[in-house]
There are 2 protein chains.
Amino acid sequence: MAGRVTLADVARAAGVDISLVSRVLRGEDVKVREETRARIIEQARVLEYRPNAIARSLKNAKAGAFGLVIPTFNNPVYAQIIIGAEAAAARLGSVMLTTSGEGWDRTNWLEALDGGRVDGLLIAGGSGIDHSRLSVPYLMVNRAVPGVDRYVVLDDEKASRMAVDHLAGLGHRRIAFIGGPAGADTSVRRLSGFEQACRDRGLEQIAEPIPGEYTAVGGREAMRRLLEADLGLSGVVVANLPSAVGALQALDDAGVQVPEDLSVVAIHDAELAGLVRPSLTTVQMPLTQLGARAIELLATSSPSASINEVVAKPMQVVVRDSTGPVA
Amino acid sequence: MAGRVTLADVARAAGVDISLVSRVLRGEDVKVREETRARIIEQARVLEYRPNAIARSLKNAKAGAFGLVIPTFNNPVYAQIIIGAEAAAARLGSVMLTTSGEGWDRTNWLEALDGGRVDGLLIAGGSGIDHSRLSVPYLMVNRAVPGVDRYVVLDDEKASRMAVDHLAGLGHRRIAFIGGPAGADTSVRRLSGFEQACRDRGLEQIAEPIPGEYTAVGGREAMRRLLEADLGLSGVVVANLPSAVGALQALDDAGVQVPEDLSVVAIHDAELAGLVRPSLTTVQMPLTQLGARAIELLATSSPSASINEVVAKPMQVVVRDSTGPVA
DNA sequence: CTGAAAGCGCTTACAG
DNA sequence: CTGAAAGCGCTTACAG
């Protein structure tokens, strides 16, 4: 609670000029008498001096921080992106997180983060804002919005293909896809990957979109509709994890045995997948690396350069209890 | 990507002094000729002027932002605290979130947030740091560490009592408590509430601590031990939600039917509770209000005042499928 | 080896 | 009604 100790206070206490204190304290390579240096450091310690980051930022025209905007903290997918971003930022500065979703209105976070408080902005999952209004370099993460050419995404098509391959490898031939909301481009790419994989294998392409958002409730509803349609399915690929959990509920409600009657694979892995019963087989995507790469790109690229990158780190199918050989 | 437009640019374009621009743009009650005002506003618009929050903060000695430090984004409990805090802060400024846990080392976030970047710091779930080093007003949220007299918590004892009451109301007499890690004071209070409730009802006090942290794995392990001990239980209260999910897994593995053979109640409610099968009966605590109240207290109280508050908002048992009448 | 001065982009008395 | 000036707490050429 000490607070308010400035360079001037330390300088006065040590009997030197503030400029010298500044140099010494930042460990700058400056020729000072060892005695003077010691005095300065000692006084800074005694007074509990802590540099004012705000003043430093103003002078340097550099905030030393990055912003990361997340739609919601309820989706475990984002937790992994955050971890990657924070790790990558460790040397460059800090990461300030904000939600674009609940709790306050659309533009509030924009005001908060677009006034020099951060050196760059990572926007995860889109957020319906007008990017042209941003005065800070930004980068879309895991979402490529039309007209915005600064984004980094994952290989969503490949994830779907891996899911189909896994099921096909177990002998499944009637496989459906429960896709994300039409607005999300990740869901468009995952659907496209699914269709490709089916075409390659000569399988019928059966797809059911999730109404509304990428949620458990949406997944449950989509699964219900598939069951009603009675398509003779033996496998389902669900485009995201919470929705897959919802699908599992619908199956449980309908008395359908997983994986005996139907195998389920979800895209994206998280602890949740291992917690539900039956535990979910998933395609693990490199979310941590996505977060880390996003910080790297933001920190090193020119603010006006276009960035279109697909993070091509290894992905893998995590086999759990929701998939098995076709009956 | 415009960037770098300052008050001076607008002033030049409008042919006035920067001080006038500052006054007009902040909507200050200043007597300006309507024509001049219009010219200033027009130029600000044309140049896409955005105030530099850093410079403003330095001048005002006020950051206009609060920091919220969270141990992990993997626990849904914190998501609710965040929503409450953001809503309450909406008029006061923004909320900057940071993790104290994974991704970087212990003190990194401290440097990031303790240099004038925020006007106050909310620290959720403790974080093993030395509070005396903080130069910014802080408040512990949901954790009362010995020796720190600035905290706001929930009524953890009452939550346990409500859980026991619910089970007792269903006829249960042999009830165990799976508690949190010894280090967490929330777990101490919940255990104490459990013991009290049992004493009041003349029930035996059976408690099993969760090894390690408040996690699903810990809950599973604790449940396993309880099963091994073969105590003739009919009900279990689990001190936190992820651990309860773990406990459910242990029961499933052991072939114990929930709620037919054993009823389970978890403290804390979140979507996850409705997603697992069987869905979990929980005690819903006012986490959103906790977050909101924390911001309020931080914003309005003197930095040196001691704060010891228990948020006494309504709590309720959310009955789902994991509890039923004793066999 | 150390100091004096300018300036980062604002806000706010104080003048006119 | 509008402007000139000081100052928030730093950093960094430029001097000595």
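Worth knowing before you read on, the calculation uses all heavy atoms, side chains too, and leaves out hydrogens, waters and symmetry mates. So you know, we letter chains A, B, ... as the sequences are listed, proteins then strands, and number each from 1.
- Between Ser19(B) and dT2(D) there is no side-chain N or O to OP1 or OP2 distance below 4.0 Å.
- Taking a cutoff of 4.0 Å between a charged side-chain nitrogen and a carboxylate oxygen, Glu34(A) and Arg37(A) qualify as a salt bridge.
- Screening Thr186(B), Thr72(B), Asn75(B) for a side-chain hydrogen bond (donor to acceptor under 3.5 Å, both in side chains) with Tyr214(B), the sole residue that qualifies is Thr186(B).
- Among all heavy-atom pairs drawn from Leu298(B) and Tyr138(B), the shortest one is CD1-C, 4.0 Å.
- In terms of position on DNA chain D, the residue among Arg23(A) and Leu7(A) whose nearest nucleotide sits closer to the 5' end is Leu7(A).
- Counting heavy-atom neighbours within 6.0 Å of Glu271(B) CD, excluding the residue itself, gives a total of 12 or less.
- Per the geometry, CZ belonging to Arg50(A) stands 16 Å off C1' belonging to dG9(D), to the nearest Å.
- Computed from coordinates, the Leu20(A) CG to dG16(D) P distance equals 18 Å when rounded to whole Å.
- Both Glu34(A) and Ile18(A) sit near DNA chain C, but only Glu34(A) has its closest nucleotide nearer the 5' end.
- Under 4.0 Å is where a charged nitrogen must lie from a carboxylate oxygen, and between Glu296(A) and Arg293(A) at least one such pair does.
- Neither OP1 nor OP2 of dC8(D) sits under 4.0 Å from any side-chain N or O of Arg56(B).
- Between the side chains of Thr99(B) and Glu86(A), at least one donor-acceptor pair of N or O atoms lies under 3.5 Å.
- A donor-acceptor distance shorter than 3.5 angstrom exists from the side chain of Arg150(A) to the backbone of Ala305(A), with no hydrogens or angles considered.
- Residue-level contact check: Thr6(A) touches the backbone only, with heavy atoms under 4.0 Å from sugar-phosphate atoms and none from bases.
- Residue side chain Lys59(B) does not reach the base of dG9(C) through any donor-acceptor N/O pair under 3.5 Å, judged by distance alone.
- Using a 4.0 Å heavy-atom distance criterion, Ser57(B) is classed as making no nucleic acid contact.
- Proximity of Arg37(A) to the phosphate of dC1(C): no side-chain N or O atom is located under 4.0 Å from OP1 or OP2.
- Paired runs in DNA chain C that reach 3 or more consecutive Watson-Crick or G-U pairs, where each pair keeps both distances under 3.5 Å, cover C:1-3 with D:14-16, C:5-12 with D:5-12, C:14-16 with D:1-3.
- Two residues, Ala61(B) and Asn60(A), neighbour DNA chain D, and the one matched to the more 5' nucleotide by heavy-atom proximity is Ala61(B).
- Regarding contacts with the backbone of dC10(C), every side-chain N or O of Ser22(B) stays at 4.0 angstrom or more from both OP1 and OP2.
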